[in-house]
> 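Pasting in a structure now, in structure tokens, and then I'll have a few things to ask.
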Protein chains: 2
Amino acid sequence: MADSADTPRAAGSPAPAAPGGPPPRYGTRPTMKDVAARAGVGLKTVSRVVNGEPGVTPDTERRVQEAITALGFRRNDSARILRKGRTASVGLVLEDLADPFYAPLNRAVEEVARRHGALLINGSSAEDAERERELALAFCARRVDGLIVIPAGGDHRYLEPEIAAGVATVFVDRPAGLIDADAVLSDSFGGAREGVAHLIAHGHRRIGFIGDQPRIHTAAERLRGYRAAMADASLPVDESWVSLGSTAPERVRAEAERMLAGPRPVTALFTGNNRVTVTALRVTARLPRPVALVGFDDLELADLLSPGVTVVAQDAARLGRTAAELLFRRLEGAGEAPRRVELPTRLIVRGSGELPPAGD
Amino acid sequence: MADSADTPRAAGSPAPAAPGGPPPRYGTRPTMKDVAARAGVGLKTVSRVVNGEPGVTPDTERRVQEAITALGFRRNDSARILRKGRTASVGLVLEDLADPFYAPLNRAVEEVARRHGALLINGSSAEDAERERELALAFCARRVDGLIVIPAGGDHRYLEPEIAAGVATVFVDRPAGLIDADAVLSDSFGGAREGVAHLIAHGHRRIGFIGDQPRIHTAAERLRGYRAAMADASLPVDESWVSLGSTAPERVRAEAERMLAGPRPVTALFTGNNRVTVTALRVTARLPRPVALVGFDDLELADLLSPGVTVVAQDAARLGRTAAELLFRRLEGAGEAPRRVELPTRLIVRGSGELPPAGD
DNA sequence: TAGAGCCTGGACAACGTTGTCAAGCACGGC
DNA sequence: GCCGTGCTTGACAACGTTGTCCAGGCTCTA
């Protein structure tokens with residue numbers, strides 16, 4: 001009846017007054033009901049076709065498919081999610097989407113999610129605990145199946161109800177604060193210790209350490225690695241050689257210049273992450289003679305500088321991949337106790353770490 | 001009432017019968033109904049509290065809040081979205097989340113979305129048209145309010161029903177194929193022309209061009225810019241100096257080596273994007289004498305190489321910001337015809353582009 | 001003191017989908 | 001000729017939220 005198949009697209013029936021009073025609907029799109037009406041079949045049959053369920057005759061299926069294309073129908077996944085419970089999506093809270101260190105991690109997580117048929121929602125905390133919280137909880141409200149978090153804050157008890165409710169949660173790069181949860185980390189302590197030991201092996205005694213804010217776990221661990229390496233070699237540490245704080249270029253620049261000046265300057269620098277390393281390199285490049293430097297995190301083009309930059313590299317993609325795989329294993333029901341996975345770092349020798357002490 | 005608020009967390013509280021009687025539901029999350037029962041109020045009142053709507057006495061509000069915390073309730077946004085029609089989320093399809101060029105773009109989009117209270121869903125097309133399509137349509141099924149796409153494919157007619165249904169759509173970095181839609185681009189043609197002219201001004205006559213696949217709009221435009229600059233100076237172009245194709249290091253390396261060898265090698269290279277530039281730099285770094293080079297896209301550390309790398313820089317963050325702002329303007333109802341915004345590029349002179357021709 | 005108005009709270013019907021269940025039908029075996 | 005069997009199909013009730021609308025109870029005024 002009146003199924004004249006010439007309605008060009010007209011998704012929503014214009015009938016304005018339903019008894020319950022429809023709320024103002026913005027993009028009215030065709031629904032399965034519209035498709036069913038047009039194809040002259042039942043609602044459930046459309047659902048079956050859309051989901052590739054068996055039990056539909058080729059002829060019926062064709063009619064439905066035609067109606068779908070004609071109307072430009074696309075299944076509303078919000079409704080589907082509501083009905084099914086699972087969303088096939090994971091949330092990733094990281095520190096800065098634009099940071100070259102986190103970008104490959106992001107990509108690796110996406111890749112694993114894709115293999116599992118899940119979409120990725122993400123956001124940057126900008127190293128702000130409150131924003132991390134907002135993001136993570138917003139993702140939970142969207143009912144992500146799982147959550148991967150690079151912690152900015154130090155207290156993750158706010159996630160307890162979510163985890164209890166079944167949101168698989170894995171922390172990456174830094175451990176969770178005040179709750180027991182899965183975590184995938186790099187060996188910051190061991191990596192820094194190895195990097196600093198490398199400088200010591202090349203004759204350095206006065207080594208500066210510039211790192212991120214001390215409340216950040218990796219920064220603290222790397223400093224601990226620095227101290228361990230110095231202690232291993234029985235070298236004293238003058239506290240003026242150690243500087244933790246913001247990685248803003250101005251601060252790093254000032255600290256590097258301070259350490260490299262004066263009557264007894266440091267002869268080498270160990271820099272605590274990629275952002276610090278870049279700024280430190282800009283400082284040392286201006287000096288009359290090169291300064292030995294080892295940085296945590298690899299840098300693109302590090303091999304092309306002269307000397308090449310010796311770094312302690314983490315495998316960011318592997319961090320992400322490992323975390324995501326752990327997450328999906330949890331989702332598939334692995335109910336063991338929370339695990340902490342620690343991935344090794346790798347010292348990449350390129351020249352800057354092998355320079356001898358300058359005027360010593 | 002036995003509202004003792006001492007239930008530690010217990011999402012599905014095992015206590016079967018509180019006076020209002022929270023239904024003992026296992027494996028599920030508490031809903032507004034549960035909260036209402038526990039607080040001894042109606043469903044809509046809970047909704048009002050959760051959404052900060054007026055018309056609730058402080059006392060009632062407190063009771064509801066207590067129930068919310070006690071049960072660990074979190075609003076189910078899928079249901080909310082289903083009811084309200086708007087999802088407060090935008091989808092971003094880019095080429096590679098891990099590419100240092102796209103990461104800031106991603107971040108900029110996120111930032112604008114955040115300012116508008118929207119979440120960001122994203123994915124990498126890996127330069128594969130089919131995957132771009134899958135992602136974009138999956139986002140549409142999630143009923144994103146808007147879509148930002150860095151096209152991989154050349155035919156976007158598949159998005160027509162979505163756009164007609166009200167999904168605001170903006171293309172970035174490259175224009176849409178076969179449909180009329182908003183696009184935010186960099187001036188690839190002008191940028192390349194300027195970069196190549198710069199080399200010509202420094203005495204080069206034989207200049208190689210290595211770029212991305214010719215089907216990619218930016219690659220084609222940059223090649224066009226190269227040819228225009230050569231034509232402007234009345235210089236002939238030997239087709240062996242031009243190479244478009246995959247940006248895989250092996251190919252780029254081979255092409256660069258080929259162009260720089262032989263009896264009449266090119267004396268300078270213009271590289272079509274950041275990935276090509278990096279590989280080309282690795283090749284030229286091994287040569288006995290430096291080769292003049294200008295690259296499209298800026299690189300981190302480009303200033304620290306010697307010589308510094310002269311580049312034609314695009315402002316990726318600005319691309320993202322502009323696109324996202326345009327998107328939200330559309331969402332707020334700006335119904336003008338699709339626009340094409342073109343952002344200028346900037347030549348950053350650092351040394352590599354000013355080297356004179358070698359053995360000419 | 002009664003009537004009018006305001007404020008709070010709750011019942012109910014959507015939103016678009018999927019799971020359950022039963023009806024309708026053709027076919028084949030006894 | 002009858003009934004069971006297998007298949008396709010559709011009616012209906014959820015899922016958890018929000019918009020509408022109405023019922024009380026309260027205050028304020030005449």
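Each chain gets a letter, A, B and so on, in the order its sequence line appears, and its residues count up from 1. Excluded from the calculations below are hydrogen atoms, water molecules and symmetry mates; all remaining heavy atoms, backbone and side chain alike, are included.
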> Are B:Glu66 and B:Arg62 ion-paired here, with the side-chain N under 4.0 Å from a carboxylate O?
yes
> What integer distance in Å separates B:Asn76:CG from D:dC15:C1'?
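Answer to the nearest Å: 8 Å.
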> OP1 or OP2 of D:dT18 less than 4.0 angstrom from a side-chain nitrogen or oxygen of B:Ser47, does that happen here?
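It does, given that an N or O in the side chain of B:Ser47 lies less than 4.0 Å from OP1 or OP2 of D:dT18.
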> For DNA chain C, whose closest nucleotide is more 5', that of A:Arg48 or that of A:Met32?
A:Met32
> Between P on D:dG16 and CG on A:Asp77, what's the gap in Å once rounded to a whole number?
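That distance rounds to 18 Å.
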> If you measure from the Lys or Arg side-chain nitrogens to the Asp or Glu carboxylate oxygens, is any gap between A:Arg174 and A:Glu127 under 4.0 Å?
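Result for this pair is yes, salt bridge flagged.
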> Run the side chain to side chain contact (heavy atoms under 4.5 Å, CB included) check on B:Val167 and A:Arg29 step by step: do they pass?
CA-CA 10 Å; B:Val167 181; A:Arg29 306 192 55 143; 3.9 Å; yes
> Using a heavy-atom cut-off of 4.0 Å across all strands, would you classify A:Asn51 as base, sugar-phosphate, or nothing?
sugar-phosphate
> With nearest nucleotide decided by heavy atoms, which residue, B:Gly55 or B:Arg143, maps closer to the 5′ end of DNA chain C?
B:Gly55
> Check the distance between D:dC15's C1' and B:Arg80's CZ and give it to me in whole angstrom.
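It works out to 17 Å between those atoms.
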> With the threshold set at 4.0 Å, does a side-chain nitrogen-carboxylate oxygen contact exist between A:Arg107 and A:Glu110?
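So A:Arg107 pairs with A:Glu110 through a salt bridge.
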> Check the distance between C:dG16's C1' and A:Ile81's CD1 and give it to me in whole angstrom.
12 Å
> Please determine if a side-chain N or O atom of A:Thr57 lies less than 4.0 Å away from the OP1 or OP2 oxygen of D:dT9.
yes
> Compare the minimum distances between each of D:dT17, D:dT9, C:dG19 and the side chain of A:Thr45, then state the nucleotide with the smallest one.
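Shortest atom-to-atom distance from the side chain points to D:dT9.
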> Separation of B:Lys33 atom NZ from C:dG9 atom P, in whole Å?
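Distance, rounded to whole Å: 21 Å.
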> Atom NZ of A:Lys44 and atom C1' of D:dG10: how far apart are they, to the nearest Å?
10 Å
> Would you indicate what B:Thr60 reaches in the nucleic acid, counting non-hydrogen atoms under 4.0 angstrom: base, sugar-phosphate, or nothing?
sugar-phosphate
> Remember a base hit wins even if backbone is also touched, and classify A:Val50 as base, sugar-phosphate or nothing at under 4.0 Å, heavy atoms.
nothing
> Rounding to a whole Å, what distance do you find between B:Arg29:CZ and D:dC15:C1'?
15 Å
> Expressed in angstrom and rounded to an integer, what is the separation of B:Arg83 atom CZ from C:dT17 atom C1'?
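Interatomic distance, CZ of B:Arg83 to C1' of C:dT17: 16 Å.
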> Tell me whether the OP1 or OP2 atom of C:dG19 has a side-chain N or O from A:Lys84 closer than 4.0 Å.
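Checking A:Lys84 against C:dG19: at least one side-chain N or O falls below 4.0 Å of OP1 or OP2.
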> Classify the angle between the aromatic ring planes of B:Phe171 and B:His156 as parallel (below 30°), tilted (30 to 60°) or perpendicular (above 60°).
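B:Phe171 vs B:His156 ring planes: perpendicular.
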